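All remarks here apply to the structure that follows.
Note on naming: letters A, B, ... go to the chains in the order of the sequence lines (proteins, then strands), and numbering restarts at 1 for each one. Quick caveat: nothing in here was measured; it's all calculated off a predicted structure.
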Amino acid sequence: MVRTRFAPSPTGYLHIGGVRTALFNWLFARRHGGQFILRIDDTDQQRNVAEALQPILDGFRWLGIDWDEGPDVGGPYAPYFQSQRVERHQAAVQALLDGGYAYRDFARPDEVQAEREAAEREKRSFVYSRRWMAETARQQAAFEAEGRQSVVRLKMPRDGQCQFHDAIRGDVAFDWAAEQDHVIQRSDGTCLYHLASAVDDYDFRITHVIRAVEHLSNTPRQIFIARSLSYPLPEYAHLPYVAEPGSSSKLSKRKLKQYLKQRDFKALFDQGARIAAAARLPVTDETFNPVVVDFYRETGYLPDALINYLLLLGWSLDDSTESFTRSEMIDAFTLERVNRAPASFDPAKLAAFQERYARQMPIEQKTAMVLPFLHAAGLVREPPTERELAQVSAVVRAAGDRIKIAGDILDFADFFLPDDRLPWDRAAVEKRLVKPPRAAELLRQFANRLQAVEPFDSASLEGLLQRFVESEGIQLGDIIHALRVAVTGKAVGFGMFETLEILGRERCAARIARVLSQLEPGAGDGHGAVD
RNA sequence: GCCCCCUUCGUCUAGUGGCCUAGGACUCCGGGUUCUCAGUCCGGCAACAGGGGUUCGACUCCCCUAGGGGGUACCA
């Protein structure tokens, strides 16, 4: 039975690199019909664990990465919070002490530090002298009499090698002599991570430890702990980390400002920021960051697109397959095909996956996806009326591939605005309505013909415009751009006839009349104009 | 300092000694389509870190160098 785990600290946000690690654990467990466990690596000092954990759990749920055991769902090996397992950790420390695999050490930090520095000066690896090691009650009493405090250190081997197999890196070996007598329990009695982690992994019956490479060098000490406690060793797989765009350093939430200098990253962020502003999202600097999963949820990405992208960040099936459904990725995933080198997060490629998924989406689904954004912006009711729903659906259909992420619907907010509150793009008005000599006149004439057309749909509208162009002896472009600016306020939009049909006869007439009145000499008070 | 890991187009990658004049994808650059934009179609630019071996033959195996990363904490 395969059992994997992901062990987040309750930090208040879900890091995109963490998601990739969790995804690989999840896929591996699902691939082998096993369990995926969420263990919370909190510490006693942390406050508001529940609050700091919520965004992480929400993030996983949104992404469809479900856990079989852990917070909220419980499980046979509860508790799944590390802070509630201290008795188990303390017992393990005692067992290690009893077995002679660990010892009490009474060195002061500065004394160990002095040895460390001496080793560095002599260009050799540091090996603690164990001068303040107490293995008998008598030694212990003597040190205590000096007023010294103790920590518990691992009594690591000093000969031979620690060899183990890594599913991604192959056979790995470390000299035991290069390992330190690592501290496993502090002088205040609390335990350190590596001890706790090894114990919890055993207690939860974890069979495959799949984690980031930064733990590769830590593996020997965990193996030492496990062996000393007679635990069976799990299989190890060390994943390369997700690197920042254009560099091989680890992607970090704190370096947002630096990443924003990169064109693609900035484009991704700006698009999100535009949506957040239009939808009046209560964004915080804490989470409104493309390194954090919330960013994608808040701006309307598809979880499947994000997951598909992340799957291919450090893993591939072959030389050409890029699209994977959940079940396809579960069937295809193997640790052997995970890459060894770090992979840079590429916002442009993520965007490409998102666009591909959005393109294949049925209209009804896309409409549903877009509604919460229109509601947040105060443009439709919640739940929407029948009429609003039809309107939204029509806009979504006409927008086609222009809606790449759900929040993009707000680029077309002008369809949902009252006619007298439609903002005008001043430059567009200037270029298409003011500057061309006959623009206003043509628009007026065409508006008149609009009154009579029947039915008011794109086919008849197209015919009407065709005839108008012929009878006036003008080019299509002479009227169509002016018309677009008049009814949408903008120079760009979707197909003209669809636009007119969606707005309907009355609204088109109202908008054209309004813009014409503004164009009359002396009438322009600038009201309604923007930019 | 010491130990360990990594290194194919700008990016994600295929490649396990001859199938490689190194393939695909994203980006970028041309061009076609079109009422604008998005899209779409066609085409293009672009890589085996460097140096030594081994071999009839190296992107693939070995060594060295360089660069990048991690560990070396009473951090996780």
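In this structure, B:U34 forms no base pair with any nucleotide, since neither Watson-Crick nor G-U wobble geometry is met with both distances under 3.5 Å. Under the Watson-Crick and G-U wobble criteria, each requiring two contacts below 3.5 Å, nucleotide B:U16 is left unpaired. As the counterpart of B:U72, B:G1 is assigned, both hydrogen-bonding distances of the Watson-Crick or G-U wobble pattern falling under 3.5 Å.
Of the candidates A:Arg130, A:Lys155, A:Arg131, A:Arg130 is the only one forming a salt bridge (Lys or Arg N to Asp or Glu O under 4.0 Å) with A:Asp181.
Legend: residues meeting salt bridge (charged side-chain N to carboxylate O under 4.0 Å, His left out) with A:Arg153, ordered by chain and number and at least two apart, are A:Asp105. Every residue two or more places apart in sequence or in another chain that forms a side-chain contact (heavy atoms from CB on, under 4.5 Å) with A:His182 is listed here: A:Leu154, A:Met156, A:Glu179, A:Gln180, A:Arg221.
Taking only side-chain nitrogens and oxygens, A:Ser316 comes nearer than 4.0 Å to OP1 or OP2 of B:A14. Note on A:Arg186: a side-chain N or O is less than 4.0 Å away from OP1 or OP2 of B:C75. One finds no side-chain N or O of A:Arg356 lying less than 4.0 angstrom from the OP1 or OP2 phosphate oxygen of B:A25. Neither OP1 nor OP2 of B:C74 sits under 4.0 Å from any side-chain N or O of A:Arg108. Side-chain N/O atoms of A:Arg402 include none lying less than 4.0 angstrom from OP1 or OP2 on B:C37.
Spacing of C1' atoms, B:C37 relative to B:C5, comes out at 48 Å, to the nearest Å. For the C1' atoms, the distance linking B:G15 with B:U60 amounts to 8 Å, nearest Å. B:G50 sits 25 Å from B:C12 when the C1' atoms are compared, rounded to a whole Å.
Toward the 5′ end of RNA chain B lies the nearest nucleotide of A:Phe345, the other residue of the pair A:Phe345 and A:Ser249 mapping further downstream.
Between A:Arg263 atom CZ and B:G10 atom P the separation is 15 Å, expressed in whole Å.
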